[in-house]
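Order of the sequence lines sets the chain letters (A, B, ...), proteins ahead of strands, with each chain counted from 1.
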Amino acid sequence: MAAFSQTEVKPVRFGVVVFPGSNCDADSYDAVRSFTGADARYFWHKDTGLTGLDCVILPGGFSYGDYLRCGAIARFSPIMAAVKNFADEGGLVIGICNGFQILLEAGMLPGAMHQNEGLKFVCKLVNLRVENNETPFTTGYERGQVIKIPIAHREGNYFIDEAGLAEIEANGQVIVRYCDESGETTAEANPNGSLGNIAGVCNKERNVFGLMPHPERVCDEIVGGTGGRGVFESIISGVAAEAAGASIAAEAAGEMKDILGNIGNERPR
Amino acid sequence: MKAKVYITPKAGILDPQGLTIERSLPALGFEGVTNVRVGKYIELDLPDGDAAGEAVDKMCHKLLANPIIEDFEFELVPE
Amino acid sequence: MKAKVYITPKAGILDPQGLTIERSLPALGFEGVTNVRVGKYIELDLPDGDAAGEAVDKMCHKLLANPIIEDFEFELVPE
Amino acid sequence: MSGDLDQKTAYELLGLKQKEYDGICEAMGREPNYTELAVFSLMWSEHCGYKHSRPLLKNLPTEGEGILQGPGENAGIIDIGGGQAIAMKIESHNHPSAIEPFQGAATGIGGIVRDIFAMGARPIANLDPLHFGSLEKARQKFLLEGVVEGIASYGNCMGIPTIAGEIHFEDAYEGNCLINVMCVGIVDQDKILRARAEGPGNLVVLMGSTTGRDGIGGASILASAEFDETAQEKRPTVQVGDPFTEKKLLEACLELRDKGLLVALQDLGAAGLSSSSSEMASKGEVGIDMDISKVPLREQGMEPFEIMISESQERMLAVIKPELEAEVLAICDKWDLDANVIGKVTDTRRLRVFLGEKMVADMPVDALVDEAPTYVVPAVRPAHEVDEPLAEDHYQPPSDLNETLTTLLRSPNICDKSWVYRQYDHMVQTNNALWPGAEAAVLRIKGRKTGVALTTDGNGRRCYLDPRRGARAAVAEAARNLSCAGAKPLAITNCLNFGNPEKGEIYYQFQEAVEGMAEACKAFQTPVTGGNVSFYNESFGQAIYPNPVVGMMGLAEDVTMIGTPGFKDEGDAVLLLGNARPAVDGSEYQSHILGDVAGRIPDVDLEMEKKLQLLVREAILEGLVKSAHDVSDGGLACCLAESAIDGGKGAVIELTSDQRPDLLLFGEAPGLIVVTVEEKYLEHFAQLALDLPTQVIGRVEGERLLIRASGADQIDLPVAQAAKAWGAALETLITG
Ligand SMILES: Nc1ncnc2c1ncn2[C@@H]1O[C@H](COP(=O)(O)OP(=O)(O)O)[C@@H](O)[C@H]1O
Ligand SMILES: [Mg+2]
């Protein structure tokens, strides 16, 4: 048991941005709230301020139908200016799937997305190798650890030019890569043709992270695994550590509320 | 030679992409833009010859365009 | 006036769609087709005026094309 | 009346018979004008008017404990306790998909999803029972690829997981694929919406997409006429789906629901504004006045009749209180949706259509909605039906049953379908307690212990041989699938896919199937909560196999205690439950290996089936059963192979029977289930089973599937090899 009751620990506050066409907003919201020591709020894409937050989630889905290009229209939503400010001031921003595409289109992360090599939508569990665990999003994993997280996208074929690639590799900005069970980043293990099997990258400052796989979908054994918990645990323990000291934080992140008891069906806005 | 193929949604058919772009433009400071239609532009190289036009036409019908909901035009550019 | 915008994958950059089309053409009886590149073709109407060209150029830069992977060209057609 | 078209030509072009036209004149008390005629022709089409099915559908049981809404609304509603309910409905989009598979299937999803949120429910799952011709044909591959991509594009964009369905390939569907789509939603019981327009003076609001010339007569005329060369000309009626607009429409409608701003809600489907407005008025026993000059149009110069029957997608009609207009429009605006007040509720019981000041149509609501003529056709039993099953020595047995099993595992009707469901986002909303590929889909309900289980089943081949038995078997199989997942069947929705009902033999098939379905639904206490009828599935005079597709939902008491098909642990006993005698008639073995479809399928023993299913459910809930899988396509051997493949474990099986091994292993009969039970619980299981027929047939062991029968090894196949045959088959057929 934690040495401090929950009320004494200030919850880590997540903001989930809802764009028209977002459809993993509720999943992210529910996942985050299943962690002891975390709370979440929705923000509408027309909101212009993001206050009182520790981490912003740009969720998956099809913002603006993914018409034209994935993320191309959403990045002009009024809230994106606030997201950029928030990141510039060191706030944590994580973009999942469509959220990652929005961050790319907005220039907050390097690179761009092509259609999957197979030109089809792919939804399945994949293996990811954690390349860098020294980011606020991955401290909960070991470096080189293989984790199982599902993907669900049609445009997740990551591209960056040669110079850009050299730079992100040198800076340790490649955070997760598609790999096989044993951690080899083979061509067969690459589900969409991404350059260098890249599944997720962060910015130079390490506070903005985008990935195509959906960690929020695997935070509960009952729906297929817990490989994604580490992402949220990392964020929560990092923020809590800064706020209250490392020991409490680790406990706060380690426990999970009874998910069946805490999540309602309604989606507060 | 090179073929340039222009594929557009058939008149009267809903074009959700065009519509969505059109609706988003004013917020970006572009007023008064209407009738946005999104289609495809395809370039390809093919062997020279008299039959080239016919071949491209067939390709469009069979593969490149969906004649049920799309119109197409093409031009041949000798290189 | 009308603007016609042509968006193409940047030279040298992978075009999965073009590649797939290219690979499937021989089976349909079209031999020797190479360099298939699939891009977008966008038509739109906008107010006449000297600033029209500049406006379309901006639209392309900001929204219609992604400069990391795409090139664009456009023409203005008075109606 | 438009100038040069005489009345007779007009109604004939619109698909009405002389007698029907006379009926319209009588109901109107005068000759209808062209707008009125167009509206009537659609409302009285087979698709909207159920002319050939209504009298027979009355035989289906529709009431029962927990049924909060049966047929008659946009979807059925079933109580699942805790103040919550499930809404579900299935629909066909066969004809549109045969013309343009991607858009046809996509708009099919769009339509059925609207039916669910019209009830105020949030969609939580899509299911897609599909039937195509043989994949040997390029056209069928094209259809399959297009349909799957269409379903994927629309469902994925909406954020509704497509979690189950089925795919069959038979030559009988070559000219008419069956694209059925089902949607399931969840709703708090105090937030259920209905389509009853009420309160004269209330406003009628049209929300969503603009109205174009899409599908003028599209679904209705297409679905009410046979398919032939002229189908080519119908092509411009293809509609394009816009899932993004529908997603906004969904969220806006649910926000309006949450704020209590709606009196009634209805989607616009077949016959567009005509049917939605008149049906709302009919349900509320009121009238509606509409000014169609207020309808936002996508195209110039549309005629009043075109506006009235346009089937443009992604539109909803709401009835609201006048004082809430501003609030309602503000919510639509928040979601970037067009919304316009286009009319008001009256007490006239007439549908009156205005163009500005000018009245362009004035029709009695009841005549439009309820007075379409119905037809009863003299039923003729088709010549191919026989009374007796084939003799058991009718076919020569194959020499190598190992080879037969491998070939069956590769059959597109049996093989792995992950090529399909990988294209569907089947995980969004994070509720899947069972992923696709299992017996049924099971979704947890957040905040509760309970789970919702869903499945669809239809088997045209069996129904072709005996539509009554086939329909009974389809219901039993759906129930068996849910029971094997550990869920109690509660209710069904159905999609009745048939040929041209004006023909005696088709009408016979329809009648037999409906009666068979009714019998089975009564036995299982799974009432019919709604459905859809798709007739005229014929090309060039050739009908599809009669195919009543069943969509069933059930409840798993404890979502952590559910059944899965895969073998689990070395040493577990393998049990066969049930005593049905497998038969070659109508089996996949007969059709795929022996190249025949003949005989008479065995009937399901409904009483035995119910007891067996209860046993399986109880045993799963008590944690006695480690795996459960029903014997279906491909018979016992395929059932065992699938459990072995799924679990990655072999088994040693010894069967004692007087039956020829090929029939015993590959024959099919409803009522057989294979479960595995840990050795130490066998006694406990036996106590639970009482005198039900159960037998231990072997154990989970090693890495091969070994089956002995008639004193000899019949099957000896490494599981890895079976998995490879089963796993690669579909993709090879499509891409190879
Ligand atoms: N096979 C069937 N079994 C039971 N009810 C049916 C069947 N076919 C249609 N119905 C019911 O008839 C009503 C009208 O159906 P339909 O016109 O398809 O509705 P919608 O326009 O909402 O799709 C619905 O309530 C539907 O559930
Ligand atoms: Mg409806």
Participant: Picking from A/Pro20, A/Ala152, A/Gly224, which has the most non-hydrogen pairs under 4.5 angstrom with chain D?
Facilitator: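 Among A/Pro20, A/Ala152, A/Gly224, the one with the most close pairs to chain D is A/Pro20.
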
Participant: If every non-hydrogen atom of D/Trp419 is compared with every non-hydrogen atom of A/Lys120, which pair is closest and at what distance?
Facilitator: CZ2-CE, 3.7 Å

Participant: Any side-chain heavy atom of D/Asp425 sitting closer than 4.5 Å to one from A/His214?
Facilitator: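 Not in contact.
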
Participant: Give a yes or no on this: more than 12 heavy atoms of other residues, nucleotides or ligands lie within 6.0 Å of atom NZ of A/Lys84.
Facilitator: no

Participant: Is it true that atom CD of D/Glu557 has more than 12 heavy atoms of other residues, nucleotides or ligands lying nearer than 6.0 Å?
Facilitator: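 It does not: D/Glu557 CD has 12 such atoms or fewer within range.
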
Participant: From D/Lys248 NZ over to A/Tyr64 OH, what is the distance, rounded to the nearest 0.5 angstrom?
Facilitator: 8.0 Å

Participant: Sort out for me which of D/His426, D/Gln429, D/Arg422 touches chain A most, counting heavy-atom pairs under 4.5 Å.
Facilitator: D/Arg422

Participant: Going by heavy atoms in the side chains, are A/Ile222 and D/Val559 under 4.5 Å from each other?
Facilitator: yes

Participant: Has the side chain of A/Asn23 got a donor or acceptor atom that lies under 3.5 Å from a matching backbone atom of D/Asn156?
Facilitator: yes

Participant: Report the relative orientation of the aromatic rings in D/Phe244 and A/Tyr67; use parallel for angles under 30°, tilted for 30 to 60°, perpendicular for over 60°.
Facilitator: perpendicular

Participant: Taking all atoms of both residues into account, what is the closest heavy-atom pair of A/Pro150 and D/Met427, and its distance?
Facilitator: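 Nearest heavy atoms, A/Pro150 then D/Met427: CB-SD, 3.3 Å.
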
Participant: With a 4.5 angstrom heavy-atom cut-off, could you sort out which part of D/Asp336 is near chain A: side chain, backbone, both or neither?
Facilitator: side chain

Participant: So how far is it from D/Glu251 CD to A/Asp25 CG, rounded to the nearest 0.5 Å?
Facilitator: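 Reported value, rounded in 0.5 Å steps: 7.0 Å.
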
Participant: In terms of heavy-atom proximity below 4.5 Å to chain D, should A/Glu216 be classed as side chain, backbone, both, or neither?
Facilitator: backbone

Participant: Between D/Asn432 and chain A, which part of the residue has a heavy atom less than 4.5 Å away: side chain, backbone, both or neither?
Facilitator: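 For D/Asn432, the contact with chain A is made by the backbone alone.
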
Participant: How far does OH of D/Tyr154 sit from CZ of A/Phe62, to the nearest 0.5 angstrom?
Facilitator: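 Taking OH in D/Tyr154 and CZ in A/Phe62, the distance rounds to 12.5 Å.
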
Participant: Could you report the tightest heavy-atom contact between A/Val223 and D/Arg444, atom names first, then the distance?
Facilitator: CG1-NE, 3.7 Å

Participant: Considering only heavy atoms, which portion of D/Glu149 lies under 4.5 Å from any heavy atom of chain A: side chain, backbone, both, or neither?
Facilitator: side chain

Participant: Count the heavy atoms belonging to other residues, nucleotides or ligands that lie under 6.0 Å from NZ of D/Lys724, then report whether that count exceeds 12.
Facilitator: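 No - once you tally the heavy atoms of other residues, nucleotides and ligands closer than 6.0 Å, there are 12 at most.
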
Participant: Determine whether A/Lys46 and D/Lys334 make a side-chain contact, defined as any pair of heavy atoms from C-beta on separated by less than 4.5 Å.
Facilitator: no

Participant: Give the minimum heavy-atom separation between D/Cys157 and A/Gly65, together with the two atoms involved.
Facilitator: SG-CA, 4.1 Å

Participant: CG of A/Asp30 to OG1 of D/Thr430: how many Å apart, nearest 0.5 Å?
Facilitator: 6.0 Å

